[in-house]
Asker: 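Sending over a structure as structure tokens; questions will come in a sec.
Keep in mind that what you see is a predicted model, and the values were worked out from it rather than measured.
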Amino acid sequence: MLRKQRLIVASAITAFWLVMVALFLARQGWFAAPPDPPPAARADLPREQWMGIFLEDGKRVGYLHLRTDPAARDGVPGQDLALDARLETRLFGMSAGMAISGEAWTAENGETANFSFALTSGDHKMGAEGALSGGRLIATLQTGGQAIPLVFPVQSPLLPASAMGLTPAGMPDLEPGESVTIPAFDPLAMKMGEARIECVGNELIAAAGVEYGTRVYATTIGGLTSKAWVATGGEVIQATTPFGFTLRKIAPETLAEATPEADQGDIIQSLAIFPTGETVWIDATRLRVRITGIDPEKLPHDPPWQVREGDVLEIRQPAPLPAPGDRPAGPEFDTVPYLESDPFIAADHPEIIERAHAIAGDETDPWARAVRLHEWMYEEIEKIPVLSVPNALDVLRTGQGDCNEHAVLYAALARALGIPCRIAIGLVYSDMLGGFGYHAWPEVYHGEWYPIDPTLGQLAADATHIKLFNGGLDAWMQLAGYIGQMEIEVLEVE
């Protein structure tokens, strides 16, 4: 078991899977209604596309294969689509991989559709299947050995569109400088919103040994902007995502070419933020930083441990920690949201409840129970990078994971014991990186919110934990608004 290594795996890796699913569903037309005018191009011919997945440093870490064919079902014209994606990369020098596969059918009028997809990463598996009908998307999510129903309304009819800016189907035929706003599914809010699609120019671009003349489209949904370079005929030659990945057309025969291990991209290194100013060290008790590149109003003011003044944050390590029975007087608030289960924090599952009470033993004090959970998590959950979507029950059964897995399992165990718990998402300093990496850690409420870090073995999270927001898996997509944008200047360290 790895001990005290700074295995800080970006929560954005989790979001990568969601981006691939978003791409998959957008190709099928579930994310946006057709603009009127201008007309959207039809995608009624067989298509096959191979895209390499690249990091910002240009290293290829995987591929995406999309195949679309006209297909009628029960006399209704429509399209079949198959998706296959692979990600092979290194995380802190350790190999990690992920596979995504899926298939779907959608009616030509966009009123009905069905899909299924699956993710596999080592021993971790997750999948979903569902259908669009009557203006509702009805799906079942399989994760942690559970089948979880999901139902939410969408706008219907929906025709093929390019909600994430990554697919040619439905891309409005715009001239440079023209734009259109259309109804679209917002993956951050998980509801219908609006997408603004703008043609930002023409560009020659080389891919797979060929130079293409393209139109460049920028698509913005829920504050996330993607770009797509679209050639004549609607083929996407290149696309950039809000999560630090670039998709670019490749020749399928290049997949057989083995990538030397030394040339494999490291996602964590690629997404790290290397600060300027004073030297940072782990276990700092006080940190004062200036953060630029994003709207400072996005930075949380969360006293007493994180205080914001303009674009400057001051973070302090909690000290002293409360003793059993010592509960600071805090404001009354609704604790119910921090005690509930969700599809990933399975606090009400019998296995989670049984393990939580076994760890707590005969201890009844809430803070003492929180400490026991922290000690058990640090000692018993193996610290290895996992390219998967974390589920507390899955983590409990496999006994391994990175910060995401630790955060959801701790939250589930704490809530099962009646301890209010939430997940903080942000940055933490890594001596292995020499910079800040994206990270997740739990906070427990005991009169006030206390940040702890069972991944790193810090009962009081050190002052290098810079919180960006709180939330579950749905909130983690918000990292797209920070990746590649933030710069950190260290003003003071103690």
Side-chain angles (χ1 to χ4, degrees), residues 10-27 31-32 49-66 83 85-87 89 100 161-172 174 176 179 184 186-188 195-208 210-231 234-250 265-273 293-294 438 476-487:
S11 297
I13 296 173
T14 299
F16 174 80
W17 177 74
L18 299 178
V19 171
M20 292 298 99
V21 174
L23 169 61
F24 177 59
L25 297 179
R27 179 71 173 235
F31 280 1
Q49 190 161 17
W50 294 84
M51 306 286 283
I53 304 171
F54 298 85
L55 298 180
E56 290 183 350
D57 59 10
K59 291 185 177 180
R60 193 172 83 190
V61 293
Y63 71 86
L64 177 71
H65 180 208
L66 289 166
L83 172 142
R86 296 289 186 274
L87 186 67
T89 185
I100 306 165
S162 180
M164 293 298 288
L166 304 179
T167 62
M171 183 68 75
L174 303 175
S179 65
D186 183 345
L188 294 185
R196 183 176 187 271
I197 303 176
E198 179 183 9
C199 180
V200 296
N202 298 316
E203 188 174 331
L204 289 174
I205 187 170
V210 178
E211 190 173 70
Y212 297 87
T214 66
R215 285 216 175 139
V216 186
Y217 293 86
T219 302
T220 301
I221 300 177
L224 304 185
T225 299
S226 305
K227 283 188 176 181
W229 284 253
V230 182
E235 182 181 14
V236 175
I237 306 303
Q238 178 174 289
T240 58
T241 76
F243 299 91
F245 297 97
T246 294
L247 306 181
R248 187 179 306 120
K249 181 179 179 178
I250 58 172
D266 190 309
I267 292 178
I268 306 304
Q269 190 76 23
S270 175
L271 298 179
I273 301 174
I294 62 170
Y438 290 93
W476 293 0
M477 293 281 282
Q478 295 178 30
L479 281 175
Y482 299 85
I483 292 173
Q485 306 298 317
M486 295 178 59
E487 294 183 358

Asker: How many angstroms lie between CG in Leu204 and CD1 in Ile237, if you round to the nearest 0.5 Å?
Answerer: 12.0 Å
Asker: Determine whether Leu66 and Leu83 satisfy the following criterion, side chain to side chain contact (heavy atoms under 4.5 Å, CB included), listing intermediate values before the conclusion.
Answerer: CA-CA 5 Å; Leu66 289 166; Leu83 172 142; 3.8 Å; yes
Asker: CD1/Ile205 to CG/Asn202 distance, rounded to the nearest 0.5 angstrom?
Answerer: 12.5 Å
Asker: Looking only at non-hydrogen atoms, find the nearest pair between Leu64 and Ala85 and report the distance.
Answerer: CD1-CB, 3.7 Å
Asker: Can you name the closest pair of heavy atoms from Pro176 and Gly201 and give their distance?
Answerer: CB-CA, 4.0 Å
Asker: Return the orientation label for the His65 and Trp50 ring planes: parallel under 30°, perpendicular over 60°, tilted otherwise.
Answerer: parallel
Asker: Heavy atoms only: give me the nearest Ala218-Val200 pair and the separation to one decimal.
Answerer: CB-CG1, 4.0 Å
Asker: Just how far is it from atom CE of Met486 to atom OH of Tyr438, taken to the nearest 0.5 Å?
Answerer: 5.5 Å
Asker: Which value, rounded to the nearest 0.5 Å, describes the distance between Met51 atom CE and Lys249 atom NZ?
Answerer: 9.5 Å
Asker: Drop me the distance from Thr240's OG1 to Phe54's CZ, to the nearest 0.5 angstrom.
Answerer: 13.5 Å
Asker: What closest approach, in Å, do Ile53 and Arg86 show between heavy atoms, and which atom pair accounts for it?
Answerer: CD1-O, 4.0 Å
Asker: In Å and rounded to the nearest 0.5 Å, what is the NZ to CD distance from Lys227 to Glu203?
Answerer: 8.0 Å
Asker: Starting from the C-alpha separation in whole Å, work towards a yes-or-no answer on side chain to side chain contact (heavy atoms under 4.5 Å, CB included) for Glu198 and Leu174.
Answerer: CA-CA 8 Å; Glu198 179 183 9; Leu174 303 175; 5.8 Å; no
Asker: Applying salt bridge (charged side-chain N to carboxylate O under 4.0 Å, His left out), name anything that partners Arg248, two or more places apart in sequence or on another chain.
Answerer: none
Asker: Residues in side chain to side chain contact (heavy atoms under 4.5 Å, CB included) with Val210, at least two apart?
Answerer: Tyr212
Asker: Taking only residues two or more places apart in sequence, or in another chain, which ones meet Glu487 in a side chain to side chain contact (heavy atoms under 4.5 Å, CB included)?
Answerer: Thr292
